Amino acid sequence: MNINGNQRKVYLLALAILVAAVALASTWSLWRPASDVASTPTPTATATETAPEATPVETPFAATSESPAVSPEATGTPKAQDTVSTVVYYQDNYGYLVPVMCKVPMEEGIAKATLSMMVKGADNDMQAARLGLRTVLPENMSIDLDISGGVARIDLGKEALSLANAAEETNMVNAVVQTLTEFDTVKKVEFLIGGQKMEKLPHGTSVTGQFARSAVNLESVAASATMKDARTVTLYFPGDSQTVVVPITRVVYQEPDINTAVLELTKGPSKDSALEEVIPSGCGLIDVEVQDGVAKLNFTEDFVNIVNSSDGGRLALKALTLTCTQFEGVDSVEIYVDGKPYDPGEGALTVPSFMNIADNIVYDYIQTQSALIFDME
């Protein structure tokens with residue numbers, strides 16, 4: 001594309017405005033009150049169960065070195081400038097739950113503060129939009145939370161009864177369960193709605209009993225499929241916004257190991273999904289070999305088309321790395337094309353400390369837009 005000097009100035013001005021807006025939003029989100037909602041209950045959708053007899057594979061983000069580092073109900077008088085990393089569950093435009101590590105001011109009751117960031121409202125929606133995502137909990141949702149003996153008892157306000165359909169209810173419940181069980185002190189979650197125990201939400205989503213962490217974004221299985229010997233494996237795909245990677249749980253009928261996971265990646269996301277493919281169309285998997293902690297992936301020549309992605313394949317390579325390194329004994333990834341080493345670029349296969357980190361998402365977006373502007377000739 002050819003652009004003249006005036007057009008380039010306009011692009012640079014637009015980028016400068018974008019950077020300033022991001023900086024302003026970041027500053028505002030850091031210093032705003034941790035919660036704009038009153039203390040009341042909020043129902044969480046039942047953790048969608050995997051197919052009968054399926055054996056879930058523990059997802060890598062359930063226990064990461066950068067998982068919430070403090071007790072959910074930490075007490076004390078923190079300094080105003082202190083922050084802590086916490087995992088917030090948002091959703092994309094198609095309803096996939098997306099965990100994002102965010103920095104929030106250190107305060108008492110960090111678990112409740114984390115949930116409060118997921119409530120629809122002007123500030124929270126702005127923060128989510130910066131990431132290409134949306135909040136999960138209804139507007140004005142009140143939250144009351146008590147954690148003891150490994151059980152988080154959460155009381156959600158009656159706004160939990162106002163969701164439009166079962167899918168929204170389920171996302172709400174699953175998001176709450178996933179968020180709370182990111183904390184080491186929480187193993188199970190119990191729900192109250194408006195201070196009362198309920199069996200189901202208006203659209204049929206169960207909120208009775210205790211909910212444990214379970215498979216996230218479980219793909220649907222054909223009604224005719226047999227569940228005998230069914231297992232599950234976690235895959236990662238770039239989201240539709242091309243800003244985050246999304247964890248997907250897929251039912252498989254082989255050993256849920258790295259070989260199966262990479263093979264499933266070559267099949268791409270489900271047909272009705274808006275997620276982006278990791279392995280380019282037409283590319284085949286020749287071999288997977290793990291030696292001394294290194295996963296050596298050998299693909300057919302079509303793999304080189306990964307660079308045709310709008311971001312040069314950055315997110316796809318990140319998703320591939322996350323998919324492989326979730327397995328014990330796999331610390332890094334090397335790629336080969338028809339048996340020859342393939343260099344995807346410096347840092348492209350670096351193992352991230354967490355799948356999605358808020359500050360990195362914003363930085364990467366600005367870098368990508370800057371590259372597009374300066375590459376125009």
Side-chain angles (χ1 to χ4, degrees), residues 57 59-61 64 233-248 250 252 254-270 273 275-357 360-361 363-372 374-377:
V57 174
T59 53
F61 55 87
T64 166
V233 65
T234 301
L235 309 175
Y236 295 85
F237 293 99
D240 70 295
S241 65
Q242 282 292 313
T243 58
V244 296
V245 291
V246 180
I248 295 295
R250 177 169 294 179
V252 296
Q254 301 85 29
E255 185 67 22
D257 55 17
I258 185 173
N259 295 275
T260 297
V262 178
L263 179 61
E264 292 297 323
L265 278 183
T266 65
K267 299 176 182 179
S270 62
S273 170
L275 300 175
E276 300 290 330
E277 63 185 12
V278 172
I279 310 301
S281 298
C283 177
L285 176 64
I286 298 174
D287 185 44
V288 176
E289 184 178 0
V290 179
Q291 292 183 347
D292 299 325
V294 181
K296 300 182 178 182
L297 314 179
N298 191 11
F299 296 100
T300 60
E301 62 181 355
D302 288 313
F303 184 86
V304 299
N305 293 327
I306 196 170
V307 299
N308 293 333
S309 303
S310 59
D311 66 346
R314 176 183 56 82
L315 267 186
L317 291 167
K318 179 180 179 180
L320 177 60
T321 302
L322 284 167
T323 298
C324 293
T325 55
Q326 70 180 290
F327 296 99
E328 185 177 356
V330 179
D331 303 316
S332 61
V333 175
E334 292 180 357
I335 294 177
Y336 296 80
V337 174
D338 285 337
K340 298 179 181 179
Y342 175 78
D343 182 8
E346 184 178 359
L349 296 175
T350 299
V351 181
S353 58
F354 193 78
M355 69 179 80
N356 299 303
I357 300 176
N360 293 356
I361 294 170
Y363 175 80
D364 289 344
Y365 177 79
I366 293 174
Q367 292 294 101
T368 299
Q369 296 306 308
S370 300
L372 288 174
F374 287 104
D375 284 347
M376 292 179 178
E377 295 179 355

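Please read all numbers here as calculations on a predicted model, not as lab measurements.
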inquiry  = Quick check on the 6.0 Å ring-centre criterion: do Tyr336 and Phe299 meet it?
reply    = no
request  = Could you tell me whether Glu289 and Lys296 make a salt bridge, using a distance below 4.0 angstrom between a side-chain N and a carboxylate O?
outcome  = no
task = Output yes when a side-chain donor or acceptor of Thr323 lies under 3.5 Å from a complementary backbone atom of Tyr236, and no otherwise.
result = yes
task = List the atom of Pro344, the atom of Leu317, and the distance in Å for their closest heavy-atom pair.
result = CB-CD1, 3.6 Å
ask   = Does any N or O in the side chain of Lys318 come within less than 3.5 Å of the main-chain N or O of Thr350, such that one atom is a donor and the other an acceptor?
value = no
inquiry  = Taking Thr325's backbone N and O only, do any of them form a donor-acceptor pair with Asp331's side chain (distance below 3.5 Å, no angle check)?
reply    = no
remark   = Which of Asp343, Asn298, Leu320, Thr321 passes side chain to side chain contact (heavy atoms under 4.5 Å, CB included) with Ile335? Answer is Leu320
message = If only side-chain N and O atoms count, and only distance matters, is there a donor-acceptor pair under 3.5 Å linking Thr260 with Glu264?
response = no
query = Is Glu255 close to Asp257 at the side-chain level, that is, under 4.5 Å between some pair of heavy atoms?
reply = yes
key: Close side-chain approach of Leu275 and Ile248, heavy atoms under 4.5 Å   = yes
inquiry  = Tell me whether Gln291 contacts the main-chain N or O of Ala295 through its side chain, where contact means a donor paired with an acceptor under 3.5 Å.
reply    = no
inquiry  = When you measure from the side chain of Gln326 to the backbone of Thr234, do you find a donor-acceptor pair of N or O atoms at a distance under 3.5 Å?
reply    = yes
